[in-house]
Q: 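Here it is, the structure, as structure tokens.
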Amino acid sequence: MRPVVLVAVLLSATSLHGETGHDTWLRYTALDEASARQYRAAIPSSIAVLGGDVVEQTAQQELIRGIHGMLGRTMGAAPTSPGLRLLPVPAVVLGTSDEFRRLAPQFTIAAGLTADAYWLKTTRINGTPYILIAGGDPRGVLYGAFGLLRKIALGDSVTELDDKQTPAVPIRWVNEWNNLNGTIERGYGGPSIFWENGRAREDMSRVREYGRMLASIGINGCSINNVNADPRLLSSDLIPQIARIADTLRRWGVKVAIAVDFGSPKTLGGLDTFDPLDSRVIGWWKSIVDDIYRAVPDFGGFVLKADSEGRVGPSTYHRTHADAANVVARALKPHGGIIFYRGFVYDHNMDWENPKNDRARAAYDNFHDLDGKFEDNVIIQIKNGPIDFQVREPASPLFGALDKTREAIELQITQEYFGQARHLVFLVPMWKETLDFDMQIRDRSTPVKKIVGAVVGVSNVGMDENWYGNQMSQANLYGFGRLAWNGDLSSTRIVEEWTRLTFGADPVVTKTIVDMQLSSWRTFENYTGPLGLQTLTDIVGNHYGVAVEASERNGWGQWHKADSKGVGFDRTAATGTGFLGQYSPAVMKHYETLENCPDDLVLFMHHVPYTHKLHSGKTVIQYIYDSHYEGAETVARYAKEWKGLNGRIDERRYQEVMAQLEYQAGQAIVWRDAVNNWFFKESGIADSTGRVGHHPGRIEAESMRLSGYTPKPVTPWEAASGAAAVECAEAKCTAAFNYDGDAGRHDLVVQYFDQSDGVSRFRVWVGGQLVDEWTAADRLPARKVDSSSSSRRTIRGLALRKGDEIRIEGIPDGGETAALDYIEIANAQ
Ligand code: GCW
């Protein structure tokens, strides 16, 4: 019989980071004394762990840390008899169900605890109280410890526990698109926590902390490099580096995986081929996989992006995706490894003039015929929608097309097409729509969440103290983990949990943040691409700012097909690309006719005239105008509401989110004007309420008295008001005009451009008096003068008199031209 393991009480150092966002939802801040007293009465002060597994040890340490933080109590090791059996003293007891049976048979453990599942149970034996944390395996024990700590942090009762939690799917992984040089593809929170200068970082502390975050939400695997994979990952030099990362994450129950390049047998292995049916290639994969498992015995497996966006794949040898997946799968299988083969395969050189071409069809067209041909350790990893993480898409039809093949859903936590962590967008409500999307296979209710056996999220955290570059974006990782564990949790519940764990129990704070987060997806959609138009961003560039036509007339296939007469993509089976025919008949019927098709996706599925009336009764064009105004107004409201939290939230996080929301409010106006002006010009149909193209109080920089500044057209034209900006090519330039409105207090908005290749300075004078100055030093993803660099500065409560001269001085720097778009003057708010 194995003895009860005694572990020295380890108190982790209290966080040195304060409230920077670094501690995420795992702050364990002290509860108020009354609550702490109640919990101290309910929770025994001794702790025992039955197993010696490192993950169980982590569970114990985490409990000690959390209880100390929240209740101010230092837990001690439970006393044992000379045979190291538990003495009848109140205790929190941790172990797997198997360990309980063998080592502590006095406790009856719930039946059927599967891998990763846990059971929290209060019990008494001869009057002695215990809290049991039983797991189906060591990982379950760790998840149980986090589960108990979450209850305490949320103020839930722990006096009568009988809570059994089983994850909905066994595989819950994150992918990190990190490059060996430390950059991250589509990462917005700073450089990689894993890699630096071609090697694993010396200091693994952020990796360890990330492992803890992942474990706390039930994530059990992490792929640590970009799916646009560098073949060097598999080199003998790098495998020990992978092992170091795996060693760090192991104690958190997180398996390490890597993304591989399909051409590796040739580029790295020195073969003259990477044909998956060639015996030398088969042998190469086997031997490389054996090498990895020697270094990392619990290695998770591979992610493979092949024949997509320039990556090589089986098509080079006229082989199928099944051939490609299987050669790798067979090498992994003896070790228990899996391969995620990405369903994100499409031709990015499609002929846009052929009306039948449709990127949305690609995943289904590439994979459905291969159903049943994959090894059983192959999982097809399918993006939530058929295009690419757009602001709104239907569920990918491929989910419903693979009866005999394992499937994973891929969600994107990093906000590539969602404002890149500069905009607040809570993605859980959108993910839930996909998970609940009913594929109606053979006329039976078949929601996507019942089809998939794995949930994968593209996370892309970085070295920034708050991990994502935006405090609020952490809610997406938290929500991802919670949903992967249980797809039935409501968005409200998830975001309430997150908010209270992250910002504390103040109900005003909770309500404000929860309302904001829950409405944020719709808000973002409203000012970017409503009605299924998709994110109207720079598709061929940074995927950030607005560029309505960037998606058109190129091979990438993110087309919305707007012209002077109408807009939208006919994907019907009857007259369009036939995409809708890839769904079951019941789903197809729902979208195939304009009568049935919901407004939210109408332009994704149909091409209609601008005057087409939606179910809401509005015309398409008026809806586009209205939603953009509504979206921009809602963000302005968020900023106002956040102001109301001043003093209720620690200063640093308050200020950071305030600045972010104010920026977003300005950016939403850039989007609003660009999209509306573009559709107005194209359709020639006026806004029925007269807002589009009319901006009272706006003075274009090009119309001011310029000294040094020169007017320049902006591309695309809709990215700047009046299609132009003024740029400064001298040491210093000014733009001035005389105010001719009413006297009184006013807010003055300066719309300027903050390019990434310089730090310009601006100064504003009114009537010869300096009223504001700032530097354009933000980290925006644009070297150009365009919508991505467009920024706004608001000078509030200025006293203005008729005739006052308002003068802006710009001092350029580096490649940045201190460019100005316009000034807007409105009554003070
Ligand atoms: O959304 C697109 C991104 C690419 C990414 C690709 C993919 C890693 O713009 O940066 O490449 O998806 O998912 O493979």
Side-chain angles (χ1 to χ4, degrees), residues 175 227-229 259-263 274-277 302-329 338-352 354 356-375 377-390 393-410 412 434 439 441 448 451-454 456 458 555-559 569 571 573 576-584 587-588 604:
N175 288 178
V227 289
N228 290 330
V260 290
D261 177 64
F262 196 62
F274 56 93
D275 179 351
L277 300 191
F302 293 145
V303 185
L304 177 54
K305 171 176 178 180
D307 276 332
S308 173
E309 297 186 332
R311 311 300 303 174
V312 297
S315 67
T316 308
Y317 302 97
H318 307 290
R319 308 298 187 202
T320 70
H321 294 296
D323 296 329
N326 290 344
V327 66
V328 184
I338 46 184
I339 167 167
F340 283 94
Y341 196 93
R342 293 182 89 228
F344 184 66
V345 176
Y346 71 101
D347 170 13
H348 67 276
N349 292 307
M350 239 180 336
D351 175 9
W352 56 270
N354 179 345
K356 294 293 174 192
N357 277 348
D358 182 3
R359 172 169 165 187
R361 294 186 54 114
Y364 179 102
D365 284 345
N366 277 301
F367 286 90
H368 86 286
D369 277 348
L370 297 172
D371 189 22
K373 303 220 161 69
F374 294 94
E375 291 287 338
N377 60 333
V378 176
I379 303 180
I380 306 298
Q381 179 167 319
I382 306 167
K383 288 194 183 188
N384 59 300
I387 300 284
D388 190 1
F389 302 135
Q390 296 299 290
E393 295 183 47
S396 170
L398 187 56
F399 290 118
L402 300 175
D403 273 354
K404 298 185 273 299
T405 305
R406 294 170 75 184
E407 295 177 39
I409 183 169
E410 177 179 319
Q412 200 186 40
T434 312
M439 303 303 299
I441 298 167
V448 169
I451 296 174
V452 296
V456 177
V458 180
W556 290 90
Q558 284 178 233
W559 308 317
F569 198 162
R571 295 190 155 107
T577 65
F579 163 77
L580 276 169
Q582 297 182 335
Y583 290 98
S584 65
V587 173
M588 175 177 136
F604 193 92

Q: Hey, what do you get for CD (Glu407) to CG (Leu402), rounding to the nearest 0.5 Å?
A: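 So the gap between those two atoms works out to 4.5 Å.
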
Q: Starting at CD1 of Ile387, measure out to CZ of Arg361 and round the result to the nearest 0.5 Å.
A: 12.0 Å

Q: Determine whether a donor-acceptor pair (N or O, by modelled atom type, separation under 3.5 Å) exists between the side chain of Ser584 and the backbone of Met439.
A: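 Yes; at least one donor-acceptor contact below 3.5 Å.
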
Q: Counting only N and O atoms by type, is there a donor-acceptor contact under 3.5 Å from the side chain of Arg571 to the main-chain atoms of Phe604?
A: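 Pair found, side chain donor or acceptor close to backbone of Phe604.
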
Q: Output yes when a side-chain donor or acceptor of Asn349 lies under 3.5 Å from a complementary backbone atom of Gly555, and no otherwise.
A: no

Q: For Trp559 and Phe569, take the angle between the two ring planes, folded into 0 to 90°, and tell me which bin it lands in: parallel under 30, tilted 30 to 60, perpendicular over 60.
A: tilted

Q: Considering residues at least two apart in sequence or located in another chain, which fulfil the side chain to side chain contact (heavy atoms under 4.5 Å, CB included) criterion with Arg406?
A: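 Only Ile171, Ile338, Ile379 meet the side chain to side chain contact (heavy atoms under 4.5 Å, CB included) criterion with Arg406.
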
Q: If I compare all heavy atoms of Val312 with all of Phe274, which pair ends up nearest, and what's the gap?
A: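 Minimum heavy-atom contact is CB-CZ, 3.8 Å.
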
Q: Rounded to the nearest 0.5 Å, how far does CH2 of Trp556 lie from CG of Asp347?
A: 10.0 Å

Q: Tell me, with the steps shown, if Tyr364 and Phe579 meet ring pair (Phe, Tyr, Trp, His ring centres under 6.0 Å).
A: CA-CA 9 Å; Tyr364 179 102; Phe579 163 77; 8.9 Å; no

Q: Do the non-hydrogen side-chain atoms of Lys383 and Arg342 ever get within less than 4.5 Å of each other?
A: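 The answer is yes; the side chains approach within 4.5 Å.
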
Q: Ala408 and Val456: which non-hydrogen atoms are nearest, and at how many Å?
A: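 Looks like CB-CG2, 4.3 Å.
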
Q: Side chain to side chain contact (heavy atoms under 4.5 Å, CB included) with His321: which of Asp369, Leu304, Asp307?
A: Asp307

Q: With heavy-atom distances below 4.5 Å as the criterion, would you say the side chains of Glu410 and Phe389 are in contact?
A: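 Side-chain contact under 4.5 Å: yes.
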
Q: Between Arg319 and Ala324 (side chain of the first, backbone of the second, donor and acceptor by atom type, cut-off under 3.5 Å), is there such a pair?
A: no

Q: Test your reading of the model: is there a side-chain donor-acceptor pair from Asn384 to the backbone of Thr434, 3.5 Å cut-off?
A: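 No: the side chain of Asn384 does not pair with the backbone of Thr434.
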
Q: Can you check whether Tyr346 reaches Glu309 side chain to side chain, under 4.5 Å on heavy atoms?
A: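 Tyr346 vs Glu309: side chains touch.
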
Q: CZ/Phe367 to CD1/Ile380 distance, rounded to the nearest 0.5 angstrom?
A: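 Going from the CZ atom of Phe367 to the CD1 atom of Ile380 covers 5.0 Å.
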
Q: Working to the nearest 0.5 angstrom, can you tell me the gap between Phe262 CZ and Ser315 OG?
A: 10.0 Å

Q: May I ask you to decide if Lys373's main-chain N or O and Asn326's side chain share a donor-acceptor pair within less than 3.5 Å?
A: yes

Q: Do side-chain atoms of Gln381 reach the backbone of Val303 as a donor and acceptor pair under 3.5 angstrom?
A: no

Q: Any sub-3.5 Å donor-acceptor pair from Asp323's side-chain atoms to Thr320's backbone N or O?
A: yes

Q: Measure across Phe374 and Thr405 and return the closest heavy-atom pair with its distance rounded to 0.1 Å.
A: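 Distance-wise, the nearest heavy atoms are CD1-CG2, 3.7 Å.
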
Q: Going by the side chain to side chain contact (heavy atoms under 4.5 Å, CB included) test, name the single residue among Asp365, Val587, Leu398 that passes it with Gln582.
A: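 Result for side chain to side chain contact (heavy atoms under 4.5 Å, CB included) with Gln582: Asp365.
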
Q: Are Ile441 and Ile451 side-chain neighbours, meaning at least one heavy-atom pair lies under 4.5 Å?
A: yes

Q: Taking it one step at a time, do Val328 and Tyr341 satisfy side chain to side chain contact (heavy atoms under 4.5 Å, CB included)?
A: CA-CA 10 Å; Val328 184; Tyr341 196 93; over 6 Å; no

Q: What closest approach, in Å, do Val448 and Ala395 show between heavy atoms, and which atom pair accounts for it?
A: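 Heavy atoms only, the tightest pair is CG2-CB, 4.2 Å.
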
Q: Considering non-hydrogen atoms only, spot the tightest contact between Pro386 and Ala360 and give its length.
A: CB-O, 3.4 Å

Q: With a 4.5 Å heavy-atom cut-off, do Tyr317 and Leu277 have their side chains touching?
A: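 The answer is no, as the side chains (C-beta and beyond) never meet within the 4.5 Å cut-off.
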
Q: Return the minimal non-hydrogen interatomic distance between Ala363 and Ser396, and the atom names on each side.
A: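 Heavy-atom minimum between the residues: CB-OG, 4.5 Å.
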
